[in-house]
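Chain letters run A, B, ... following the sequence lines, proteins first and then strands; every chain starts at 1.
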There are 2 protein chains.
Amino acid sequence: MKTKQNTLYVGSLAKGLRLLRAFDESHSELSLSELAARTGLDKSATQRLANTLHIEGMLDKDPGTRRFRPSHAWLEMAYAYYWSDPLVGQAMPKLINLSQDLGETVNLAEMSGDHIIYVSRLPCKRTYFAATVIGRRLPALSTSAGRAMLATVPEDERRAAVETWPIKPFTPNTTLDRDAIRASVEAAVHDGYAISKGQMILNEMAVATPIIGPEGRAFAAVQCSVSGHTWDRERIVAEILPRLQDAANSISPSFQSQRGA
Amino acid sequence: MKTKQNTLYVGSLAKGLRLLRAFDESHSELSLSELAARTGLDKSATQRLANTLHIEGMLDKDPGTRRFRPSHAWLEMAYAYYWSDPLVGQAMPKLINLSQDLGETVNLAEMSGDHIIYVSRLPCKRTYFAATVIGRRLPALSTSAGRAMLATVPEDERRAAVETWPIKPFTPNTTLDRDAIRASVEAAVHDGYAISKGQMILNEMAVATPIIGPEGRAFAAVQCSVSGHTWDRERIVAEILPRLQDAANSISPSFQSQRGA
DNA sequence: GCTGCAGGTATTATATTATGATACCTAGTG
DNA sequence: CACTAGGTATCATAATATAATACCTGCAGC
């Protein structure tokens, strides 16, 4: 193992985590050999690590197919996360009120490197599955929430982000032109909110307002998703935005603790 | 390490997982020494393992306080879980409809050993925080969902569960008398649903109907929580139950894959 | 019904890797 | 200012993870 030659680094643990990360949206259950292939570990290592994870209750194993799946422990981890994130506790009641008030889907997103991650979702209308579950990470530049947050950081940093952060097409309409993205972000600087259309799924519209943190900088945003068939920009600004902003502002208290190293 | 003397068991990985499990509801951020104390590992081991988890992005570290916290990766794990659980995809749209229809909080619970775990929650009214986040595990015998599910298993198994599964007081009204619990479960056998009152929090009421699986046995339930101040048993049966049952029945298709070893 | 193969399971000798004792820093307290 | 608690770094040691290999099992094709 030529990786991290550090006596404070436990390779076996890191490899075990690689097994966990092998599961995602399109790999929801994996056999031993698939795990080995996806992690790049050899058969023996995979066997030992997967077995350990199974014994420890992190992976379920179908006795018939011998395939591994994430266990309920993965949900318990989300539960523990929630208690550790001071924002969620503050925001939850206001988000519930907001979603009931609007009758539309309301989300809480946080900045996570150059992505955003949905921390809480309150779906009110049926949509596609991925829009209803928490923990989804999306490129910040392609989301209204990400742009609304970016709008609160200093100009140089903002520009750098628009130039370098990753983007990739989700729909034929996903904006891949960084100039267009910059325009959208700068509009958000001016307006204090961001609206996007069809970035993640066709005909979906989203509006987001930042939750301002300690130094005027946002690490989170409240976002509302609606159907582009029944809503347009004007009506969103008139009917949704005011209440969205009220909610975001009422959450804003001091969130000193920034995450990461 | 006298544990699992098995060559297919990687101790370091298991120890790393112990660190992760050290975080919970009442331990949302931990220092190195607290981690060591809670896991029973010595200082050096804790240091190395925590450091590894930090490098791998599983733990955030506050640069000021040097305390560790669950990272966003913990939410991503929930996301991966959702894709692996066939029930969630089936149930979600119906649950959304149901919650909008009722205007009350709707939950999806699954059996997890002798506990239930909330897999999806759609809060409609403000309640206490723990009732709004997924991944919470509760003793099955103390919940309407658990009792509704138990009601679908063979009699001997059911009796054994009522006798032996854990219970503990959450409120002064939590039922600790196993005879009373048996009565409640047997009522659910007869009625096809379970109603509980004040088990987890004072004056909260809950009604649950099982999602019937392959051999007539339920591994999941749809549950609705309401305030005991504004609802009573009769009104729940009259107004909530029918729609709850419709929802549960419409989900029921074949869920062959049972979890665990 | 037999053969071959893919995928899962079990064993073992080897040395790489995790270990934990100890020493060193740093910041906060009395 | 001295003291302490808590975090960080180092290192010799052997315990532990490793990966090669052999063994099962069940399925597909003949």
Fill in: Side chain of A:Ser12 - closest among C:dT17, D:dA19, C:dG20
C:dT17
Worksheet item: Out of D:dT18, C:dT19, D:dT8, which nucleotide sits closest to the side chain of B:Gln47?
Response: D:dT8
Item to complete: Would you kindly say whether B:Tyr9 and A:Glu56 are connected by a side-chain donor-acceptor distance under 3.5 Å?
Response: yes
Rounding to a whole Å, what distance do you find between [X]:[atom1] and [N]:[atom2]?
| X | N | atom1 | atom2 | answer |
| --- | --- | --- | --- | --- |
| B:Arg38 | D:dG6 | CZ | C1' | 19 Å |
| B:Arg67 | C:dA27 | CZ | C1' | 15 Å |
| B:Leu49 | C:dT17 | CG | P | 16 Å |
| B:Asp42 | D:dA15 | CG | C1' | 14 Å |
| A:Leu32 | D:dT25 | CG | P | 17 Å |
| B:Leu8 | D:dT18 | CG | P | 12 Å |
| B:Asp62 | C:dA27 | CG | C1' | 15 Å |
| B:Leu41 | C:dT19 | CG | P | 9 Å |

Would the base of [N] count as contacting [X] through its side chain, where contact means a donor and an acceptor less than 3.5 Å apart?
| X | N | answer |
| --- | --- | --- |
| B:Arg48 | C:dG20 | yes |
| B:Ser44 | C:dA21 | yes |
| B:Lys43 | D:dG7 | yes |

Worksheet item: Can a side chain N or O of B:Lys61 be found less than 4.0 Å away from OP1 or OP2 on D:dT8?
Response: yes
Worksheet item: With respect to the phosphate group of C:dG8, does any side-chain polar atom (N or O) of A:Ser33 fall under 4.0 Å of OP1 or OP2?
Response: yes
Worksheet item: Do you know the tightest heavy-atom contact between B:Arg147 and B:Ser142?
Response: NH2-CA, 4.0 Å
Worksheet item: With distance as the sole test, does B:Arg67 use its side chain to make a donor-acceptor pair with the main-chain N or O of B:Glu29 at under 3.5 Å?
Response: yes
Item to complete: Take A:Val10 and A:Arg66, find for each the nucleotide of DNA chain C with the closest heavy atom, and name the residue whose nucleotide sits nearer the 5' end.
Response: A:Arg66
Worksheet item: Between A:Tyr82 and B:Phe129, what is the ring plane arrangement, given parallel below 30°, perpendicular above 60°, and tilted in between?
Response: perpendicular
Worksheet item: About how many Å separate OG of B:Ser71 and NE2 of B:His54, when rounded to the nearest 0.5 Å?
Response: 10.0 Å
